[in-house]
Engineer: 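Dropping a structure here in structure tokens format, bear with me for questions.
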Amino acid sequence: MSETAVKAPGVPDANRWKALVFIALAQLMVVLDATIVNIALPSAQQDLGISDGNRQWVVTAYALAFGGLLLFGGRIADLWGRKRAFVVGLAGFALASALGGAATNEAMMFGARALQGVFGALLAPAALSLLAVMFTDAKERAKAFGIYGAIAGGGGAVGLILGGFLTEYLDWRWTFYVNIPFAVVAAAGAWFVIREPEGGRNRSPLDIPGVVLSTLGLVALVYGFTRAESEGWSDSVTITMFVASAVLLATFVFVESRVKAPLLPLRVITERNRGGVYLSLGLAIIAMFGLFLFLTYYLQVVKGYSPVKTGFAFLPMIVGMITGSTQIGTRLMTRVAPRLLMGPGFLVAAVGMLLLTQLEIGSSYAALLLPAMLLLGLGMGTAFMPAMSLSTQGVEPRDAGVASAMVNTSQQVGGAIGTALLNTIAASATTSYIADHIGSATSRSQQQLVQLEGQVQGYTSAIWFAVGILVVAAAIALTLVNAGRPDMSAVTGAGKGAEDEVPVPVVAH
């Protein structure tokens, strides 16, 4: 690293606001990538001759690599230095995106997606911990992470709009190529602007058994839930994956408690507030993933919206998240205890979700969906802000990358659980409804109506579960999280024991 790449500990970085632009740009690229690719998938499948049975691997290859390697990526960022890991992650993500855009067959596409996941797992924890150590003033930090958090939360919906435009008016390949300018600008800006505080590296030797056990355990867990969605919970491979994951992760915890330089020091996850944050955020993501999934299907299949119109339909949620994150969360974060924002925030989101249980085929967008999405965005944006600030509070700087990775890991696993669990509930309710009502449908049009009614019945049944999950997330936040309001004089330093290094969650893919 160059001489200009470090700064003295405790001194605010003069370029910190410029750095925020480039770090936020990288975050936007990663979050956009998830929903953009989903929109492009039907076109890509047709062009590349991917079978229906294999198309899930376009999403799954990324999810397995990203989810499985996050802890390793966080540890590499602590070892190499966050700036270097950030730039390497961006460069790799750009190359993998170019490969995906140029794909000529399914193997090339799956490989490109897995490579995106590998470099995403390096990029995400590096970005979070980098931003945390650059903002040392409590009020500035709240503002910076409010902006960053709004991008993290709302970027997925922006991806629906951009993905729709690119797929409809250009070509699905541009949903990959669009990452390249994002990555080049962010990497160049980071290289010249970011200066890392001294003394934050963790130069201990890599815990190879921990890397192997955690990666295999997380891959088995994510794949287990992914397979449960497509093949069912009683499928032998699904059960094998869950058993293997439980054994591997239990062994991982045992090994981490014994080795001298663990990949994941258990002190990172056993502290009461951090544990509460990881758990409540993971649960909230389960609920949110269900919402994105079912509303996208509802708007496109039931309402007949185009991909572009569907993307725009999610705009109220983006507005709510930005408002909750940058106005409510940021302004109150330094004034009230975190649980008094997290608990009520999750409950407001639950009220928005509760409105969506009233969905019918003919439901009005303006009367039902718009207020529901506004409430969801406001609640989530407000709750995420203090959760972000707590998720590495009190962690030594040498553990910051791994602690940041834990936030992403809880969300990645939450996303996999949410997609599989809620989809299973919805499919079961739909099948049951159609079986009970199809007999009374005599004409083809009546049968089609029953099919649509069955789908909506499935969505609302799953959304009821999502409401319950958000209420549980609020209860965990209110009971486990007991930290007081942030110390306004607290400084994010490079020295041992520095507090309030603040990561921001990435929406799981």
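As a basis for the values below, the full set of heavy atoms in this structure was taken, side chains included, without hydrogen atoms, waters or symmetry mates. Everything quoted here is computed from the prediction, not taken from an experiment.
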Engineer: Residues in ring-ring contact (aromatic ring centres under 6.0 Å, His included) with F176, at least two apart?
Structural biologist: none

Engineer: So does M108 get a backbone contact from the side chain of R113, meaning a donor-acceptor N/O pair under 3.5 Å?
Structural biologist: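 No; judged by distance alone, with no hydrogens or angles, the pair does not exist.
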
Engineer: With sequence neighbours excluded, what pairs up with F22 under the side-chain contact (heavy atoms from CB on, under 4.5 Å) test?
Structural biologist: V185, V193

Engineer: Rounded to the nearest 0.5 Å, what's the gap from CG on L378 to CE on M373? Could you check?
Structural biologist: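 These two atoms lie 13.0 Å from each other.
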
Engineer: Do side-chain atoms of S245 reach the backbone of G217 as a donor and acceptor pair under 3.5 angstrom?
Structural biologist: yes

Engineer: Find the distance between CZ (F346) and CD1 (I469) and round it off to the nearest 0.5 Å.
Structural biologist: 12.5 Å

Engineer: When you measure from the side chain of T175 to the backbone of W172, do you find a donor-acceptor pair of N or O atoms at a distance under 3.5 Å?
Structural biologist: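 Yes, because the side chain of T175 sits within donor-acceptor range (under 3.5 Å) of the backbone of W172.
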
Engineer: Taking D207 for its side chain and G210 for its backbone only, find out whether a donor-acceptor pair lies under 3.5 Å.
Structural biologist: yes

Engineer: For N273, does its backbone N or O pair with a side-chain atom of N482 as donor and acceptor, under 3.5 Å?
Structural biologist: no

Engineer: Mind listing the side-chain donor-acceptor pairs of residues 317-327 below 3.5 Å, one per line with the distance, residues two or more places apart or on another chain?
Structural biologist:
from: T323; atom 1: OG1; to: V319; atom 2: O; distance (Å): 2.8
from: S325; atom 1: OG; to: G146; atom 2: O; distance (Å): 3.0
from: T326; atom 1: OG1; to: I322; atom 2: O; distance (Å): 2.6
from: Q327; atom 1: OE1; to: R331; atom 2: NE; distance (Å): 3.1
from: Q327; atom 1: OE1; to: R331; atom 2: NH2; distance (Å): 3.0

Engineer: How long is the gap from OH on Y278 to CD1 on I476, to the nearest 0.5 Å?
Structural biologist: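 So the gap between those two atoms works out to 15.0 Å.
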
Engineer: Please name the pair of heavy atoms, one in R82 and one in L130, separated by the smallest distance, quoted to 0.1 Å.
Structural biologist: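 Closest approach of R82 to L130: CB-CG, 3.5 Å.
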
Engineer: To the nearest 0.5 Å, what is the distance between CG on N179 and CG on L95?
Structural biologist: 12.0 Å

